[in-house]
Protein chains: 2
Amino acid sequence: MSGQQRQRVPPGAETPGRVGDVRRGNLARVLTAIARWTSEQSPTRAQLATLTGLTKASVSSLVTELIEQGLVVEIGQHRDGERGRPGVGLGLDPSRCVLGMEVNVDYVSAGLVNLSGQPINHAVLPRDNRSSRPEEVTGALGELITEYRNFATNQGLTILGGALAIPGLVDSRNSLVLHAPNLGWDGIRLGLAGLLPDTLLGVSLFNEANASAVAYRQSVPQAPATFLFVSGEVGIGGAVVIDSELFTGPHGAAGEIGHVIVQPGGSPCSCGAHGCLETMAGQDAIYRASGVLAPVRNPGQPVTTDPEPRETIALLHAALVAGEPQALDAVDRAGYYLGAAVASSARLLDVHTVVLGGHFAALGQWIVPALHRSAADHGPASGWPLRIILSPLGATAALVGAAQSVVRDLLEHPPVATQR
Amino acid sequence: MSGQQRQRVPPGAETPGRVGDVRRGNLARVLTAIARWTSEQSPTRAQLATLTGLTKASVSSLVTELIEQGLVVEIGQHRDGERGRPGVGLGLDPSRCVLGMEVNVDYVSAGLVNLSGQPINHAVLPRDNRSSRPEEVTGALGELITEYRNFATNQGLTILGGALAIPGLVDSRNSLVLHAPNLGWDGIRLGLAGLLPDTLLGVSLFNEANASAVAYRQSVPQAPATFLFVSGEVGIGGAVVIDSELFTGPHGAAGEIGHVIVQPGGSPCSCGAHGCLETMAGQDAIYRASGVLAPVRNPGQPVTTDPEPRETIALLHAALVAGEPQALDAVDRAGYYLGAAVASSARLLDVHTVVLGGHFAALGQWIVPALHRSAADHGPASGWPLRIILSPLGATAALVGAAQSVVRDLLEHPPVATQR
DNA sequence: ATCAATTAGTTTATAATCTGAACTATATGG
DNA sequence: CCATATAGTTCAGATTATAAACTAATTGAT
C-alpha cells in the first residue's frame, strides 16, 4: 500500500499550516474589521479592502461567506454625497446574541449581548448563594435562562451561546470551578452544557474580575488598551489586560492582586498566607476597621449577629458621607495599602494604568486620594505616570464582559463553512 | 484606469494573510522541529512529516528550501538496523552562529553560539564600565568582536548577527537604552549597527535578566517551561518565562521584581520609591547589614573608601563560610523579604517556579532556607508547590541567552527565498 | 438629456502552496 | 534474488489570494 493519508499526529505535535488556514485568518480579519469599525457609517466592502490590505475580490468572497454564515448582514446603501457608485454598508448580524450570566455571593444575574458587544437587556436577581449547592444555583440560573430564551424567540433573536462569570478561579476549558472561596465551591464541575442545549457555542466559564475587565475595555470608549483591573468584591479580584488582550497566566490564575504581600509576616489571610492585601484592604478589613462591623471575633467570644452584606455597604457609605473619622481612616488606610500593591503589580507587569471596579469604584472619592499618595510613595521618582481610573460599570459588568468574551472569540475564530 | 494594485495600507491596518504566509509558517515549523529534536539520531524528512503533521511531499519541498538558505544540512545516512531505505539525517547548519555580548558593571564579555543554541566559546574581559561613556564601551566591544570575527573566519564559521545584553531597560526595536542606572546610561542610542556590518541580522539589544532567563531555559535540560527568574546583580533584575516564551510586558519592562514593595512606606530606594525589595535584599543592603561595607553614609559623615565590588563579594562569602552571625542574619533577612516579593509575584503572574540567578545563586545555601520559610508564610496554605531552583549558569548566561534569543527568532521567522 | 468621471463590486485567468496518490530509490532478510 | 519495508520525489488536483478587466451605479458638467 503506497497511499498517503494525512499522518497520524503524535502527542505534542503541532497542527500544520494548510492553505485553508489563510482563509480562516482572513475571515477573522474581515469580521473583526467590521466589529471594530468606529465611524458612523457602516463599512463597505471597498473600505474593508483598504483597511485589511486584502483586495476587493478577496473581501467580496469573504463577506459572501460571512453573510451565508449569518454573522454579517448588508445594511442598505451608502450615500456620502460623493461621486461614484454607492457602496453597501455591512454590519454584524443584530439578531445574533450571547447570553451572559453571573453568579456572585448575593445575586444571580443574566443578560443578552449582541455581536457588537452591546448589552440588549439584563436582570439582577438577589439570592444568597453562600450556602447553596451548585445544583441549586444552576437551577436558579435555569429559570432566568428560560425567561431569556422566550424573550429571544419573541424578538426574533438567536442565542448562539452562553457565558458564566463567577468570583473564583476557573478552568474555562473544562467548565471547572477550581476554587471559589466566597461561594464555598472547590473543584466542582458545573453542568453548564445542559443549560443552553442546541447552541453553536455552548456555555463558557469565566472569572468575575477578568470578565469585568473585558467589559470595561469593550464598553468604555476612552478605555486604555493596557491596564490592571482591581475588583473589590467580597475578596479582592484582579485582571490584567495588555493590548486589549486578557493576560490570564499559564494556569488562568494571573492577576490575583488580592494576595500580593503588603506586610511580610503580617496577619493571617483566609488563603493561609500572611500579610496579603486582602487582610488590609478587603471588605471585611475595611468594615471592621471602620466600626461598621464588630472587630474580629476570637474563638471564645460570644457571636454577635452581623448585618446583611447589602446593609453593611450602606452603613459604611453613610459613615463616610457623615465624615466619621474612624470610617474615613479605615478607607484611607486601605487605600494606602492598595496603592502599595498596585504599585508593585504595575511595575512587575509593566502597566501604567489601574482601573478600580466593584466596591472600590463605589468608595472612589474617599479611597483615591490615599491611592495617589501611596502610588507616589511607592513608584519611581520620575517617568511613571500611574493613572488611576474608576470603572463606571456597575454590577452587570461581569455578565456583559463574559458574554463579550464569547462574542470576541467567535469573531476571531469564525466557523469555516467550506470544510468537508 | 481600472488596474488594481495591492491597496495602500492605512496606518493601524493589519497585514493580510496571503497564501505565501502558509509556507513561511511551515518553514518555521519544520525548522523548529529540527531544532527541538531531542533524540540521539538526527531527524529524517519522514520523521519530520509525522511530527509536524505535514505530508512527506511538503516536508521535502520545505527542507530543500531550508538547505538552500544555508540553515539546514544533511548529516549522512540513518541506519537503525530496520528494514527499508535509510533516511537522511537533518540538522541545523553547524557553521552558522550568532555573536552574543554583555556589558555589565565590571566586565564586558562575548561568545559565539551556534544555531542549536550551544555556546562555541566565550571570554570575559574585566572592565569598570561604571564611569565609561557608551562610545568607550562599544569601542572595547569592537576589539572583542574583531577577535571573534577572525576566529570565525579561521574556523569556517559565518556570523549571522549579534546580540548585546545590558543591565537595564531597553527598547530592542530601536537599539535604545532607556534606563541603565548601574551603567549611568539613560536614553542612549547605541551605535550597534556598525559593530557587525554585512550580517544578515544586525545587532539586537536585550535586558540582562531576560537574556539570562532565556539561557537558563535553553541550556538546562530539566528547566521548567514556566518560571520567574530573579537575578541578583548590582540591582535585582527579573524576568518572566511562560511556556518557554519571555513575557516582557507592553513596554518591555515587565519582571522588575526588584521594585516590588515589601515594606509600604519603608526606606527610600535609588529609584525614588519607598520599601522596594532592593532596599532590603539588594547587594548594597546585604553588604551593609552584614558589616562587610560601612553602614549607609549620611551626607555630613566622612566618606570611607569601600573595597572593590569583586572583593566585597569574596568578603561576604568568607564571612558566611566562617559562620559570622551578622552576615548570616543579613542574608537570612534578605531571603525572607525576597521570599515575600517572590510569593507576591508568583501569585500575581500565576507561576509556580522561581529560578535564582546572579549573586542569589551564589548565596544559595545561605539564602534558600529563609526563602522557603518566607514562601510558606506568604503563600496559600494548600495547593501551592512553589519550587525554588538555583541557576547553575555563571556570568556568561546573559551573553549566551541574548544570542539564543536571536537564533530562536531566526528559526521562528526564517527568511523566505521565493519572494520577488 | 447625455456623457465623462468616479467609485463599488464581480468575473476570470494566474500563481502559490498544500495534499494525496503513484512512483522511484535503497535497504533487510529469507 | 526477490518479497517486504521504509524514504523520498513527482505530479495532478484542490484552495485561495492576486491582478486586471469588466459591469454597475451614481454625480456633475455640458
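Note that the structure is a prediction, hence the values are computed from the model and not measured.
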Item to check | Separation of atom CD in B:E74 from atom C1' in D:dT9, rounded to whole Å | outcome: 13 Å
Checklist entry - In whole angstrom, what separates A:D21's CG from D:dA17's P? => result 11 Å
Item to check | Validation row: B:R23, B:L62 side chains within 4.5 angstrom (heavy atoms) | outcome: yes
Next on the checklist: Does this structure show an ion pair linking A:R45 with A:E74, if we count only N-O contacts that are shorter than 4.0 Å?
Outcome noted: yes
Checklist entry - Between C:dC18, C:dG9, D:dT9, which one does the side chain of A:T44 approach most closely? => result C:dG9
Item to check | Smallest separation among heavy atoms of B:I34 and B:L90, with atom names | outcome: CG2-O, 4.1 Å
Checklist entry - Does the pair B:E412/B:R29 count as a salt bridge with the N-to-O cut at 4.0 Å? => result no
Next on the checklist: Go nucleotide by nucleotide along DNA chain C from the 5' end; which of A:G84 and A:R45 gets its closest nucleotide reached first?
Outcome noted: A:G84
Item to check | Shortest side-chain distance from A:P86, nucleotide among D:dA7, D:dA25, C:dA27 | outcome: D:dA25
Item to check | Options D:dT18, C:dA8, D:dA7, nucleotide nearest the side-chain atoms of A:K56 | outcome: C:dA8
Item to check | Sugar-phosphate, base or nothing in reach of A:V59, heavy atoms under 4.0 Å | outcome: nothing
Checklist outcome for this item: 5'-most contact on DNA chain D (nearest-nucleotide basis), A:S61 vs B:V88, goes to B:V88
Checklist entry - Just how far is it from atom CG of A:L92 to atom CG of A:L71, taken to the nearest 0.5 Å? => result 8.0 Å
Checklist entry - Taking the nucleotide of DNA chain D with the closest heavy atom to each, which residue, A:L62 or B:S60, is nearer the 5' end? => result B:S60
Checklist entry - Could you give the CD-to-P distance, from A:E65 to D:dT15, as a whole number of Å? => result 12 Å
Item to check | base_contact_polar (D:dA7 base, B:R85 side chain, donor-acceptor, <3.5 Å) | outcome: yes
Checklist entry - D:dA17 phosphate, OP1 or OP2: any side-chain N/O from A:N26 under 4.0 angstrom? => result yes
Next on the checklist: Expressed as a whole number of angstroms, how long is the span from A:R29:CZ to D:dT16:P?
Outcome noted: 14 Å
Checklist entry - Taking OP1 and OP2 of C:dT19, is either one under 4.0 Å from a side-chain nitrogen or oxygen of B:S58? => result yes
Item to check | Candidate nucleotides D:dT18, C:dG9, C:dA21, ranked by approach to the side chain of B:A57 - the nearest | outcome: C:dA21
Checklist entry - For B:Q77, which contact category applies under a 4.0 Å heavy-atom criterion: base, sugar-phosphate, or nothing? => result sugar-phosphate
Checklist entry - Would you say C:dG29 has OP1 or OP2 under 4.0 Å from some side-chain N or O of B:R83? => result no
Checklist entry - Taking CG from B:L90 and P from D:dA7, how many angstroms apart are they, rounded to a whole number? => result 12 Å
